[in-house]
Amino acid sequence: MATRTKRPRVAQPGGGGEPDSDPVAGFLSWCGRVGLELSPKVAVSRQGTVAGYGMVTRESVLPGELLFAVPRAALLSPHTCSIRGLLERERDALQSQSGWVPLLLALLHELQAPASLWSPYFALWPELDRLEHPMFWPEEERQRLLQGTGVPEAVDKDLANIRSEFYSIVLPFMEAHPDLFGPSVRSLELYHQLVALVMAYSFQEPLEEEEDEKEPNSPLMVPAADILNHLANHNANLEYSADYLRMVATQPIPKGQEIFNTYGQMANWQLIHMYGFVEPYPDNTDDTADIQMVTVREAAVRGTKGEAERLQLYERWDFLCKLEMVGEEGAFVIGREEVLTEEELAATLKVLCMPAEEFREFKDRDGWGEDEWEEDRLTVTNIPKLKASWRQLLRDSVLLTLQTYATDLKTEEDVLSNKEAYAKLSWREKQALQVRYGQKMILHQLLELTS
C-alpha cells in the first residue's frame with residue numbers, strides 16, 4: 001500500500017512469546033517450511049519501499065515472470081486454521097452482514113495460540129494499535145478533516161456493524177469455547193483492529209464467470225502478497241489457480257525497484273477508508289467524486305415553482321426508484337474521464353427534466369427501449385453537448401455537493417502550493433487534504449463542462 005503504517009514487530013495477544021529478533025529472516029525461513037516459493041530476483045525489505053515492509057527486485061524482471069507462489073495450505077483462512085472443523089460445524093451460527101466472522105475468529109484464535117503455524121507471518125504485521133484507518137481517528141478529527149468526502153458516513157456504519165457483530169456473534173462464540181479463546185482476545189478493541197487489518201490486508205478470490213450469481217468468496221490472508229504496497233499504476237498482479245496463488249509481473253521492473261500490487265480501481269476516499277492511506281494528486285487515476293442521488297433530487301426540487309411542480313417531481317423520483325435507477329442512499333460516481341454510473345445519471349437527468357406529456361408516455365411504457373437509451377449516452381466528453389436543462393440540473397447538483405465540504409478548492413490549492421504550509425500539516429491532515437482536493441478537482445471539472 002502506498003503509505004502503510006510502519007511494521008515493527010507485533011506482540012502476540014496472550015501467546016506466541018517474543019517474536020524473532022529478525023522478523024524478515026524468520027518469515028523467509030517459514031516460507032521455506034510451508035513451500036512458499038520466492039523468486040531469487042525479489043527481496044522483502046524496508047529499504048527502497050514507500051512505507052514499512054515491501055518487496056523490491058534484486059535483478060530486473062520481465063512481464064510475465066513469477067515473483068512468488070503461495071501454496072493454498074499456507075493461506076490463513078477459516079478452511080486452513082487449526083479450528084477449521086469447529087468453524088465449519090458452526091457455520092450457520094456465524095453468518096453476518098460482513099461475511100468476515102469466520103476469518104476473524106480464525107485470526108483471534110491463531111494470534112494467541114502458542115504454537116500457531118503462522119506466528120512468523122504475524123511478526124511482519126503492523127502494530128495493531130497503530131493502524132491509520134479513519135475508524136481509529138477521534139470522531140471530531142474525522143468529521144473536521146473528511147467532511148463531504150463520504151468517509152465519516154462509511155466509518156459510522158462500520159463502527160455500528162462491528163459493535164453489533166462482536167456482541168451478538170463473536171463474543172458469545174468465544175465465551176462458549178474458553179479453551180480456544182483466552183481472555184486476552186475477548187476484546188472489542190482488538191476486534192476493531194482485526195477488522196481494519198482484514199480490510200487492509202486480506203484478499204478475496206474472484207468468482208468464476210459461471211458463479212456470478214453466488215455470494216462473494218470470503219476474505220483470506222495471503223502471506224507475502226500482503227507485503228506488497230499498492231499503486232493504481234501497479235507492476236504486479238495476483239493470479240489464482242487450484243494449488244497456488246501466484247504473483248506475476250505485469251510490466252518490466254528494473255533492478256532495485258519496488259514491486260506494487262493493486263487492490264482494484266479505488267478512489268482515494270475508498271483507499272483511506274479501507275486501507276488508511278491515499279495516493280497524492282494526481283497519481284490516483286482511479287479517483288472519483290460522488291454526487292449523492294438525493295442531492296440531485298434536492299437540486300431539482302429547488303428549481304420547481306409551486307406545489308404542483310414539486311409533487312410532479314416527486315412522482316418522477318418515485319418512478320426512477322421503481323426502475324432501480326436511484327435510491328435514498330445511492331450516489332452517482334464521476335471519474336476523471338468517465339461517468340461510472342452513466343446509465344443511472346442519464347436516466348435521472350432525462351426523467352427529471354422531460355416535459356410533462358413526455359413523462360406520461362414514458363411512464364405508460366414503463367421505461368424506454370435500447371434504441372432510445374443509446375441516443376442519450378452520458379460521458380464526460382459529451383457533457384457540454386447535453387440538453388441545457390440536463391446541464392443546469394447537473395451543475396446545480398455539483399454546486400450543492402461542493403457546499404458539503406468545510407473548505408473550498410482555492411483553500412486546498414493555497415496549502416498544496418505552499419511547501420512550508422503543507423509540511424506543517426500532520427500526516428492525517430495531508431491524507432485528508434489529498435482526498436478532498438481530488439474530489440473537488442473532478443467536481444470543478446464538471447462545473448466547467450456544464451457552464
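Quick note: residue numbers are just sequence positions, from 1. Worth saying up front: this structure is predicted, and the values here are computed from it rather than measured.
- Among pairs with a residue in residues 167-187, none fulfils salt bridge (Lys or Arg N to Asp or Glu O under 4.0 Å), at least two apart in sequence or across chains.
- Note: W118 CH2 to L124 CG = 15.5 Å, rounded to the nearest 0.5 Å.
- Side-chain atoms of N235 come within 3.5 Å of backbone atoms of F260 as a donor-acceptor pair (strictly under, hydrogens ignored).
- Sorted by first and then second residue, the pairs that involve residues 88-113 and meet ring-ring contact (aromatic ring centres under 6.0 Å, His included), not counting sequence neighbours, are H109-F181.
- Taking the side chain as every heavy atom from C-beta outward, T262 and H230 approach each other to under 4.5 Å.
- Taking every heavy atom of both residues into account, P152 and R142 meet most closely at CG-O, 3.9 Å.
- Taking each heavy atom of N233 and Q251 in turn, the nearest pair found is OD1-NE2, 3.8 Å.
- Taking the side chain as every heavy atom from C-beta outward, E132 and F277 never approach each other to under 4.5 Å.
- Partners of S426 by side-chain contact (heavy atoms from CB on, under 4.5 Å), not counting sequence neighbours, listed by chain and number: R428, E429.
- Crowding of R246 atom CZ: a count of heavy atoms from other residues, nucleotides or ligands under 6.0 Å not exceeding 12.
- For E141, the CD atom sits in a packed shell: over 12 heavy atoms of surrounding residues, nucleotides or ligands are nearer than 6.0 Å.
- For R72, the salt bridge (charged side-chain N to carboxylate O under 4.0 Å, His left out) partners are E205, not counting sequence neighbours.
- In this structure K41 satisfies the side-chain contact (heavy atoms from CB on, under 4.5 Å) test together with S39, E59, V61, E65, sequence neighbours excluded.
- Between the side chains of D158 and H133, not a single donor N or O lies within less than 3.5 Å of an accepting N or O.
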Checklist line | Working for side-chain contact (heavy atoms from CB on, under 4.5 Å), residues F136 and D129 | finding: CA-CA 9 Å; F136 301 116; D129 59 359; over 6 Å; no

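- The structure places CD of E165 at 3.5 Å from OH of Y191, a figure rounded to the nearest 0.5 Å.
- Residues G335 and I442 come closest through the heavy atom pair O-CG2, 3.9 Å.
- Residues S77 and L103 approach most closely at CA-CD1, 4.0 Å, considering heavy atoms.
- Side chains of S184 and Q112: no donor on one and acceptor on the other come within 3.5 Å.
- When the salt bridge (charged side-chain N to carboxylate O under 4.0 Å, His left out) test is applied to R89, no partner is found at least two apart in sequence or on another chain.
- Of the possible polar contacts, none joining the R84 side chain to the P78 backbone as a donor-acceptor pair under 3.5 Å is found.
- E329 CD to M293 CE: the interatomic distance, rounded to the nearest 0.5 Å, is 11.0 Å.
- Residues L36 and P71 meet the side-chain proximity criterion, which asks for heavy atoms closer than 4.5 Å.
- Pairs of residues two or more places apart, or lying in two chains, that qualify as side chain to side chain donor-acceptor pair (under 3.5 Å) and include a residue from residues 402-412 are Y405-Q439, T407-E412, T407-K440, D408-T411, K410-D414, E412-R436, E412-K440.
- When atom types are taken as modelled, the side chain of T288 and the backbone of I334 share no donor-acceptor pair closer than 3.5 angstrom.
- Put simply, the side chain of T341 never gets that close to the backbone of E344: no donor and acceptor are under 3.5 Å apart.
- Inspection of the Q270 and Y263 side chains reveals no N or O donor paired with an N or O acceptor under 3.5 Å.
- Residues passing the salt bridge (charged side-chain N to carboxylate O under 4.0 Å, His left out) test with E140 are R144, sequence neighbours excluded.
- Here the CG-SG distance, from L86 to C81, works out to 9.0 Å after rounding to the nearest 0.5 Å.
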Item checked: Intermediate values then yes/no, side-chain contact (heavy atoms from CB on, under 4.5 Å), Y121 and M221 -> CA-CA 10 Å; Y121 162 58; M221 308 304 291; 3.5 Å; yes

Check: Going through the distances and angles, do F27 and W30 end up as a ring-ring contact (aromatic ring centres under 6.0 Å, His included)?
Finding: CA-CA 5 Å; F27 175 72; W30 177 81; 5.8 Å; yes

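- The nearest pair of heavy atoms linking P134 to V155 is CB-CG2, 4.1 Å.
- Of the possible polar contacts, one joining the T80 side chain to the L75 backbone as a donor-acceptor pair under 3.5 Å is found.
- The shortest heavy-atom contact between N229 and G54 is ND2-CA, 4.0 Å.
- Contact annotation: the side chain of L352 approaches that of V296 to within less than 4.5 Å [non-hydrogen atoms, C-beta and beyond].
- Under the 3.5 Å distance criterion, with hydrogens and angles disregarded, no donor-acceptor pair is assigned to the side chains of E342 and T379.
- R302 and E298 are joined by a salt bridge, as a carboxylate oxygen and a charged side-chain nitrogen come within less than 4.0 angstrom of each other.
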Margin query: If you apply the rule side-chain contact (heavy atoms from CB on, under 4.5 Å), what do you find for V248 with T250, and how did you get there?
Written below: CA-CA 6 Å; V248 177; T250 57; 5.9 Å; no

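- Using modelled atom types, one side-chain atom of S168 and one backbone atom of S164 make a donor-acceptor pair closer than 3.5 Å.
- No more than 12 heavy atoms of other residues, nucleotides or ligands sit less than 6.0 Å from atom CD of Q265.
- A distance of 12.5 Å separates CH2 in W317 from CE in M325, rounded to the nearest 0.5 Å.
- Judged by distance alone, with hydrogens and angles left aside, the side-chain atoms of W269 form no donor-acceptor pair with the main-chain N or O of D287 at under 3.5 Å.
- One finds the CG atom of L409 at 10.0 Å from the CG atom of L447 (value rounded to the nearest 0.5 Å).
- For M247, the side-chain contact (heavy atoms from CB on, under 4.5 Å) partners at least two apart in sequence or on another chain are L67, F68, A225, L228, A236, L238, N261.
- The salt bridge (charged side-chain N to carboxylate O under 4.0 Å, His left out) test applied to E324 returns no partner, not counting sequence neighbours.
- Listed by chain and residue number, N418, K424 satisfy the side-chain contact (heavy atoms from CB on, under 4.5 Å) test with E420 (two or more places apart in sequence, or in another chain).
- At least one side-chain heavy atom of L188 sits under 4.5 Å from a side-chain heavy atom of Y167.
- T401 places a side-chain N or O within 3.5 Å of a backbone atom of S397 that can act as its donor or acceptor partner.
- The shortest side-chain heavy-atom distance between K430 and V278 does not fall under the 4.5 Å cut-off.
- A 4.5 Å side-chain heavy-atom check between V380 and E337 finds every atom pair outside the cut-off.
- Scored by the ring-ring contact (aromatic ring centres under 6.0 Å, His included) test, Y281 finds Y437 as partners (sequence neighbours excluded).
- The neighbour count for E413 CD, taken as heavy atoms of other residues, nucleotides or ligands under 6.0 Å away, is above 12.
- Judged purely by atom type and a 3.5 angstrom limit, E328 has no side-chain atom pairing as donor or acceptor with the backbone of V294.
- Between the side chain of N284 and the backbone N or O of M266 there is at least one donor-acceptor pair closer than 3.5 Å.
- Between L443 and I291 there is a side-chain heavy-atom pair separated by less than 4.5 Å.
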